[in-house]
Structure formats: C-alpha cells, structure tokens
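Each ligand, and each atom within it, is numbered from 1 in the order the structure gives. If you read the sequence from its start, that first residue is 1, and numbering goes on from there.
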Amino acid sequence: MIPVIRPWLGEEEAEAAAAAVRSGWVAQGPRVAEFEKEFAGYAGAAEGVAVSSCTTALHLALHLLGVGPGDEVVVPSFSFIATANAARYVGATPVFADVDPLTGNLTPATIEAVRTPRTAAVIGVHQGGVPFDVDALEAVCSKQSLALVHDSACAAGSTYRGNPVSASASLATWSFHPRKLLTTGEGGMLTVSDPDQAARLRRLREHGMSVSAADRHTSSGVKLESYDEVGFNYRMTDIQAAIGLVQLAKLPDVIERRRELAARYHKLLAEIDGLTWVTDPDYGTTNYQSFWVVLPDSYEGTSVDVLEGLLTRGVSARRGIMASHLEPAYDKANLPVTEHLTSRSVILPLFHQMAESEQDTVVTALAEIIR
Ligand SMILES: *Cc1c(COP(=O)(O)O)cnc(C)c1O
C-alpha cells in the first residue's frame with residue numbers, strides 16, 4: 001500500500017530524543033530554547049515560542065490579541081477545523097469566508113464579503129502549504145484595523161515573494177504534527193515580530209509564571225516566580241524539541257524532493273483530461289504539504305468513489321481539505337468555492353521516500369478510475 005504521507009524519521013531523531021532523556025531534563029528546557037531560536041531563524045522571524053500544538057498556538061494568538069466574546073474572527077471554512085475552533089476557545093464567533101479556487105486561500109474580496117463592524121481579527125491559512133497573498137491580506141486588514149494571524153501550520157518552507165512565507169507576519173502559528181513536513185510527534189510554534197509579545201506568550205504557555213521553571217532550575221540563587229495573569233500549560237517538551245532540531249536540519253532536503261516529485265506529478269497528470277492540480281501561485285512557492293487534484297467536471301463519480309478505486313489499486317489517498325461549515329459543530333454558510341473544492345478534490349500520496357515507480361502507480365490508477 002502506498003501511504004498518503006510517511007514521516008521521514010530515522011536514527012538521528014531517535015538518538016536526539018535518547019540524549020534528552022539521558023540528560024535528565026525532559027520538560028521544557030534548553031533544547032526547546034534552541035529549537036525556538038533555530039526555527040525562528042528559518043522562518044525569518046524575530047522570535048519563536050514553542051508550544052504543544054498549532055491548535056494551542058492559535059488559541060494563544062487570539063488570547064494575546066484580546067479577542068473575546070462579542071468579537072468575530074474571519075476564517076476560511078476550507079481548513080482543518082482547528083482554525084475555526086480557536087475563535088470559539090476565546091468566546092468569539094468564527095465567521096467563514098470563501099476562498100480562491102486556485103490557491104484555496106482567503107482573498108481581500110472574500111474577507112470583505114463577510115466583514116462586519118464586530119470583526120476583530122482574520123486568520124489567514126496558507127492552505128496545504130500554498131501561500132496566501134500576504135501583502136494583499138495585510139493591506140485589507142490594516143485598512144480596517146484588523147489583526148491578521150497567519151495559520152502557517154502546513155507552510156514551513158513555503159515562500160512569499162522570495163522570503164519565508166510568514167517572515168513579515170506579526171503573529172504566525174506552526175504545526176509539527178506528523179501530517180506536516182517537520183514533526184515532533186505533536187508540537188507547535190508561534191513566530192512573533194514583537195519581543196514583548198513573545199515574552200508574554202512565553203509566560204502564557206507556562207501557567208502565567210514570571211520566571212520559567214527552567215530558569216529557576218539553572219539559577220544559582222533563589223528565584224521566586226509570581227503569577228500575574230491566568231496562563232495555560234501549553235509547553236513543548238525537550239524530547240520533542242530534540243527531535244525537532246534534527247527534523248529542521250532535514251527540511252530543506254524534504255522540500256526540494258517534494259517539489260521535484262510535484263513537478264513530476266504535473267507532467268504525468270497532464271494526460272488526464274480535465275483534471276487540475278495544486279501549483280505555485282505567481283507570488284510564491286508551496287512546499288506541497290498537500291498535493292491535491294480537482295476532479296474533472298466530466299467525471300460523474302464522487303471523490304469517495306475515487307478514494308475507493310485508489311484503495312483497491314494499492315493507493316491510500318485522502319479526501320480533499322475539509323469544509324468546516326459542513327460539520328455538525330458549525331452552522332451552514334454559503335461558500336460555493338469551498339464546497340466545490342472539498343467535494344471534488346483528492347489528496348494524492350507525496351512523501352520524501354516516494355519512488356518514481358510508486359508515483360507512476362498512483363497516476364495510472366487515477367487515470368483508470370477517471371476514464
Ligand atoms: C494541522 C493544522 C492545524 C492543527 O495543528 P496541530 O498541531 O495538529 O494542532 C491547524 N491549522 C491548520 C491549517 C492545519 O493544517
């Protein structure tokens with residue numbers, strides 16, 4: 001069976017995790033601090049604040065901004081449901097905006113279509129690694145005095161106008177779940193441009209403590225902490241950070257290989273009439289975290305028929321990116337592009353170790369099903 005993704009983990013990660021265990025310091029400590037510094041450098045950001053997941057990073061971002069009850073947060077429905085849930089965590093109302101059919105991302109027009117006087121923030125998602133048009137979203141948000149949070153969960157290694165995708169963001173959130181390209185098992189990060197905000201986020205992720213447990217441990221004198229506001233336990237462990245440091249060093253190779261394989265998919269898939277697929281927008285590059293195809297209108301089956309057909313041919317694919325507003329946890333909305341993309345797209349296998357023969361198998365199977 002060809003899997004949809006396979007994390008690229010090896011002995012080096014195992015050794016790094018073992019070294020953290022042997023050091024006797026397994027909770028948030030020096031390895032987390034090093035990983036934050038390295039990741040922020042890679043992302044082109046001033047500061048990194050490691051947390052337990054991208055979901056907790058999104059919660060902290062909205063909490064930091066003071067978004068709360070009575071506020072609306074514009075989010076794409078076309079995203080993993082954690083994006084919308086973050087607004088709920090702070091008592092705000094997520095308002096779903098539609099997306100661009102080619103990139104799967106919010107645009108100034110789709111934001112404007114749902115903005116109200118209660119809108120406090122926008123969470124833009126670089127969906128599947130495809131960058132949204134950062135300057136365009138920044139412009140619409142700053143004109144209306146709205147905060148813009150980048151949900152960069154999928155986008156480590158994507159670029160916008162030649163720079164790391166969220167280098168200009170004041171707040172961006174990242175995921176290190178195994179379904180993403182850099183994994184720590186579970187894990188996340190906020191990248192932040194303002195050092196004061198980074199310092200407050202570091203306290204908020206650790207129960208609101210004024211002095212971190214790691215700092216108290218390494219201090220030569222007695223240091224007492226105070227709790228000046230209510231915080232959370234959203235810490236990453238040093239075991240995770242040790243793995244993350246190894247994974248981060250591999251990431252450029254991972255992305256290079258994914259982009260090679262994606263280019264090869266583009267060539268092979270061109271033989272299937274009417275099929276379209278994800279590609280770079282003109283202002284940036286995707287890391288191809290998700291390689292999706294949109295089924296031709298002429299194909300009368302459903303995406304589930306395609307998934308079943310692939311499975312019988314030894315290929316494990318996935319349904320397209322979800323539409324959060326169609327889930328029972330949320331209310332229906334009028335989002336034609338989102339519904340089209342969700343119902344008519346399929347995510348094909350793409351992973352670092354993938355052989356070209358496996359890719360050929362995927363394309364042959366898809367062509368057989370669609371014909
Ligand atoms: C995966 C994902 C998340 C959640 O990340 P976790 O680290 O699993 O919490 C949030 N937003 C988007 C767009 C994602 O793809």
>> For residues 94-118, which residue pairs pass the ring-ring contact (aromatic ring centres under 6.0 Å, His included) check, not counting sequence neighbours?
In response: Phe96-Tyr330
>> By the ring-ring contact (aromatic ring centres under 6.0 Å, His included) test, which pairs, at least two apart or in different chains, include something from residues 112-134?
In response: His126-Phe132, His126-His150, Phe132-His150
> Where do Glu368 and Thr364 land on the side chain to side chain contact (heavy atoms under 4.5 Å, CB included) test, with the steps shown first?
Replying inline: CA-CA 6 Å; Glu368 269 177 31; Thr364 306; 3.9 Å; yes
>> Please tell me whether Phe78 and His340 form a close aromatic pair, meaning their ring centres lie under 6.0 Å apart.
In response: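 Centroid separation for Phe78 and His340: 6.0 Å or greater.
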>> Counting the benzene-type ring for Trp, do Phe35 and Phe176 have ring centres under 6.0 Å apart?
In response: yes
> Considering residues at least two apart in sequence or located in another chain, which fulfil the salt bridge (charged side-chain N to carboxylate O under 4.0 Å, His left out) criterion with Glu186?
Replying inline: none
> At a 4.0 angstrom heavy-atom cut-off, what protein residues surround ligand 1?
Replying inline: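 Within the 4.0 Å shell of ligand 1, which is judged on heavy atoms, sit Ser53, Cys54, Thr55, Ser79, Phe80, Ala82, Thr83, Val125, Asp151, Ala153, Cys154, Ser175, His177, Lys180, Gly187.
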